[in-house]
Participant: 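Below you will find the structure I want to go over with you.
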Amino acid sequence: MKKLFILAVITLLISCEQNNPSKNSNETLGTKKITLEDIWGATFSTNRMNALNSMNGDYYSLLNNDENGYSTVDKYSYTSLEKVATIVDGKTLQNLQNFESYSFNNDETQLILGKDIQKVYRRSTKGTYYAFSVGSKKVRFIGENIQEPTFSPDSKKVAYAKNNNLFMLDLTTNLTTQVTKDGKYNHIINGTTDWVYEEEFGFVRAFEWSNDSKFIAFLRFNESKVREFSMGVTGDGLYPSQHVFKYPKAGEDNAKVSLHMYSLTTKNTKKINLGVYEYIPRIKWSTKGGVLIATTLNRHQNDLKLHKVNAVRSSAMLLFNEKDAAYVSVKDDLTFLDDNSFIWTSEKDGFNHIYHYSFNGKLINQITKGNWEVTKYYGFNKEKKTIYYQSVENGSINRGVYSIGLDGTNKKLLSNNIGTNTAAFSRNLNYFINTHSSSETPPTFSLYSAEGEMIKVIKDNAPLQEKLTDYKMSQKEFSTIKINGNDLNMWMIKPADFDAQKEYPLLMFQYSGPGSQQVANRWNGTNDYWHQLLAQEGMIIICVDGRGTGLKGRDFKKVTQKELGKFEVEDQIAAAKKLAERSYIDKNNIGIWGWSYGGFMSTNCLLKGNDIFSTAIAVAPVTSWRFYDTVYTERYMQTPQENASGYDDNSPINYADKLEGNYLLVHGTGDDNVHAQNSMRMINALVAANKPFDIAMYPDRAHGIRKGKNTRLHLYKKMTAFIQTNLNTN
């Protein structure tokens with residue numbers, strides 16, 4: 001199947017800009033105050049682009065709706081940005097007028113259209129799918145309640161998963177072949193991933209067609225020994241129900257994952273021997289006929305191997321091996337060139353860079369070099385022998401788009417403006433749509449040539465920027481702060497009427513998870529509006545990215561290995577104490593808040609830093625890494641059996657007796673990711689220590705606490721009132 005390039009431009013919201021010494025730090029744009037109803041009523045929504053799929057040639061397609069609400073797939077020219085054709089017109093399709101998704105085959109003569117699509121977990125969905133012929137306009141039913149339907153490269157077949165089994169529909173004969181028959185809920189999965197792979201390795205479809213359409217490689221998950229997790233579902237009925245699914249917690253059994261090869265010629269399936277491993281996080285066919293590349297990882301995730309798998313012989317041999325003292329990240333940058341040499345990204349020299357290897361695994365060339373990180377690999381243009389990538393070469397809080405030769409020469413900056421630049425390249429890499437924003441400039445979408453020539457601005461957000469001049473906004477000031485021997489990135493939002501002779505309460509915000517970044521020069525999201533609202537009420541908001549966060553090199557990021565919550569907490573506490581020395585900070589009114597990993601951090605900071613923090617909010621926090629999943633947790637912590645002190649010395653549950661300040665704990669009971677068990681155990685510890693606290697539980701809400709009318713508005717009203725009461729902002 002043709003791999004569609006998707007530009008997902010998320011609806012982003014606002015903040016202010018990179019520190020500019022020529023501007024007044026308390027510059028006021030207007031007098032109107034931001035309200036929570038503004039934030040959650042879409043007052044500040046940005047103009048955005050729809051999801052864009054790159055097509056063959058200089059074209060792309062969009063899923064649109066016509067004036068009557070019928071779905072259409074329309075074709076556009078990159079050169080003119082004008083529509084040149086309607087490929088699928090929903091109003092002509094019986095029972096399919098309002099399809100919700102589409103994907104092309106290789107030559108774009110057929111599409112798979114989906115409707116009635118229902119979300120399963122973060123990335124997985126199920127739906128009803130049809131094959132559509134562009135030439136004949138005929139529609140053919142594929143199946144309902146199915147997952148990941150995918151054309152074969154020769155366009156004659158569609159493979160898909162249903163009820164934990166793998167199926168194949170022959171479009172020429174209309175016959176369906178059931179490739180596997182042992183699939184069973186909570187026991188065996190064929191062709192799609194289990195919960196933890198989907199969440200932590202970031203993919204759902206676990207099957208791949210060979211380039212000649214003669215084989216399907218797929219993963220099989222045996223979950224039989226994985227323990228079940230049960231969540232109560234309050235629902236709307238008289239009796240609640242239970243949602244039961246397999247969730248491997250740190251130190252517990254994972255699913256046994258194996259690689260299998262199905263031959264369309266022999267109708268047989270063979271298991272591939274990949275030696276000793278724990279995970280198979282990627283499979284991908286090389287350009288050499290009949291050779292699959294399978295990636296394996298050991299349980300510690302610090303020993304990654306690429307295996308060449310011969311489909312005909314059902315045999316495997318080692319291609320490449322990368323090790324790291326901490327862990328090796330799994331990415332999607334592996335790219336095979338026509339000679340089967342390949343592009344790879346690695347942190348092995350201390351920073352994430354691009355490398356070129358031969359098909360026998362020998363290094364040909366390190367393509368990018370320097371004390372900075374490559375943050376995205378976009379692709380390789382074989383005619384120009386040019387690689388396109390994004391990096392932080394112009395500062396770790398910024399992103400630029402670059403090109404460079406395969407031999408590492410002729411590097412060129414393609415994006416024009418400082419801030420965050422993200423490219424969406426055409427399939428042939430002749431053009432890209434650049435999304436630029438900064439803390440002062442909302443997203444602007446512009447068409448560029450691959451040589452970096454800006455051709456046309458497609459959309460901007462000038463109306464939003466004009467609207468914001470009416471509001472009482474404060475500049476976001478970027479700087480660094482020296483903490484524990486490191487220059488840490490920081491931003492600060494002061495009240496618009498800031499007076500250096502006064503004292504202000506301080507609220508710190510952070511996430512702090514491994515490789516993350518919150519201090520970035522970009523047009524920010526809803527939390528920044530909330531921070532502006534709090535600044536309006538007379539508060540200073542500060543964010544510091546401490547040790548363990550990303551884009552400053554391997555050693556800075558991986559220093560937290562086996563000790564999640566130690567150095568990160570030390571840095572936040574030290575930062576708070578250093579900031580408290582400033583004359584305009586009220587040292588007796590310093591709070592901290594965060595969500596998920598940030599909630600883990602804010603809880604620990606309030607407990608271990610009870611001499612500096614007086615208030616904390618923790619939303620959906622991890623309170624013991626013993627409760628979290630194997631893949632994420634053990635990547636950084638190893639298992640509890642191997643590293644008990646690392647788990648327990650940094651678990652806030654074990655320090656509940658240190659609570660001296662004001663603590664608000666928030667969780668959704670339907671959180672399949674960070675289970676409400678974390679908060680329940682924290683509550684038990686606080687009760688046992690006879691410590692008062694505040695709590696807000698949201699029935700059946702997932703990790704994002706969004707579902708239902710006014711849920712986010714209610715949550716932020718609760719948090720606002722808590723902050724105003726306990727940080728003495730009035």
Side-chain angles (χ1 to χ4, degrees), residues 1-6 53-57 59 61 73 87 101-114 129-136 140 142-143 146-161 166-177 179-180 190-192 203-219 259-270 272 282-294 308-314 332 334-340 342 359 379-380 382 426-429:
M1 171 185 170
K2 172 183 173 183
K3 291 190 175 179
L4 298 176
F5 183 83
I6 299 176
N53 293 342
S54 183
M55 299 178 66
N56 295 328
Y59 300 98
S61 61
V73 176
I87 300 170
S101 70
Y102 73 99
S103 59
F104 284 103
N105 64 344
N106 276 343
D107 62 7
E108 296 169 356
T109 59
Q110 297 184 76
L111 297 90
I112 294 174
L113 306 177
Y129 292 90
Y130 301 80
F132 173 81
S133 170
V134 175
S136 68
R140 181 175 300 176
I142 298 173
I146 68 174
Q147 295 181 274
E148 304 296 322
T150 306
F151 280 115
S152 60
D154 65 8
S155 304
K156 295 179 180 179
K157 299 175 179 68
V158 173
Y160 60 88
L166 186 62
F167 294 80
M168 180 184 65
L169 170 65
D170 190 323
L171 296 173
T172 60
T173 64
N174 211 34
L175 295 177
T176 298
T177 300
V179 176
T180 66
N190 294 288
T192 56
F203 72 110
V204 175
R205 178 163 61 88
F207 66 86
E208 294 286 344
W209 284 99
S210 64
N211 300 330
D212 59 9
S213 304
K214 293 182 179 179
F215 296 92
I216 303 176
F218 66 94
L219 300 183
L259 174 64
H260 300 259
M261 194 72 67
Y262 173 73
S263 168
L264 277 72
T265 303
T266 66
K267 311 298 183 187
N268 291 326
T269 299
K270 293 186 178 180
I272 307 299
R282 295 289 186 271
I283 55 174
K284 181 174 184 175
W285 291 91
S286 69
T287 53
K288 185 175 182 180
V291 176
L292 177 82
I293 305 301
K308 296 181 189 177
V309 178
N310 186 300
V312 174
R313 298 174 184 171
S314 301
D332 292 305
L334 176 62
T335 303
F336 289 95
L337 311 187
D338 287 346
D339 62 357
N340 259 306
F342 61 93
F359 202 51
F380 172 70
K382 65 180 181 180
S426 62
R427 190 165 182 255
N428 57 16
L429 300 175

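Heads up: numbering here begins at 1 and tracks the sequence.
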Participant: So if I apply the side chain to side chain contact (heavy atoms under 4.5 Å, CB included) rule between K157 and each of I216, L264, L169, which one comes out positive?
Facilitator: L264
Participant: Taking atom NZ as the centre, does K214 end up with more than 12 heavy-atom neighbours from other residues, nucleotides or ligands that are less than 6.0 angstrom away?
Facilitator: no
Participant: Using side-chain heavy atoms (C-beta onward) and a distance below 4.5 Å, is D170 in contact with T177?
Facilitator: no
Participant: Could you pull out all residues at least two apart from T192 that satisfy side chain to side chain donor-acceptor pair (under 3.5 Å)?
Facilitator: none
Participant: At what distance, to the nearest 0.5 angstrom, does OG1 of T269 lie from CG of L166?
Facilitator: 8.5 Å
Participant: Is the closest side-chain heavy-atom distance between N53 and Y102 below 4.5 Å?
Facilitator: yes
Participant: Looking only at heavy atoms, what is the nearest atom pair of A206 and I283, with distance?
Facilitator: O-CD1, 4.2 Å
Participant: Does any part of the side chain of N190, heavy atoms only, come nearer than 4.5 Å to the side chain of V179, both counted from C-beta?
Facilitator: no
Participant: I87 versus F104: any side-chain heavy-atom pair under 4.5 Å?
Facilitator: yes
Participant: Answer yes or no for R205 and F203: cation-pi contact, defined as NZ/CZ to six-membered ring centre under 6.0 Å and angle to ring axis within 45°.
Facilitator: no
Participant: For residues T180 and F218, determine if any side-chain heavy atom of one lies less than 4.5 Å from a side-chain heavy atom of the other.
Facilitator: yes
Participant: Can you tell me how far CG of L292 sits from CG of L259, rounded to the nearest 0.5 angstrom?
Facilitator: 6.0 Å
Participant: Parallel, tilted or perpendicular: which describes the rings of F359 and F336, with under 30° parallel and over 60° perpendicular?
Facilitator: perpendicular
Participant: Nearest 0.5 angstrom please: L111 CG to F151 CZ, how far?
Facilitator: 6.5 Å
Participant: I'd like to know if the side chain of K288 and the backbone of N340 have a donor-acceptor N/O pair within less than 3.5 Å.
Facilitator: no
Participant: T266: which residues meet the side chain to side chain donor-acceptor pair (under 3.5 Å) condition with it, sequence neighbours left out?
Facilitator: S263
Participant: Using 0.5 Å steps for rounding, measure from the CZ atom of F207 to the CD atom of Q147.
Facilitator: 9.5 Å
Participant: Please name all residues satisfying ring-ring contact (aromatic ring centres under 6.0 Å, His included) with F380, sequence neighbours left out, ordered by chain then number.
Facilitator: none
Participant: What is the distance from atom OH of Y129 to atom CD of E148, rounded to the nearest 0.5 Å?
Facilitator: 7.0 Å
Participant: Please find the pair of heavy atoms, one from Y160 and one from P149, that lie closest to each other, and give the distance.
Facilitator: CB-CA, 3.8 Å
Participant: Examine distances only and state if a side-chain atom of S210 and a backbone atom of G290 form a donor-acceptor pair shorter than 3.5 Å.
Facilitator: no
Participant: Rounded at 0.5 Å granularity, tell me how far CZ in R282 sits from CD in E208.
Facilitator: 10.5 Å
Participant: Are V134 and E108 side-chain neighbours, meaning at least one heavy-atom pair lies under 4.5 Å?
Facilitator: no
Participant: Does I142 reach the side chain of F167, with side-chain heavy atoms less than 4.5 Å apart?
Facilitator: no
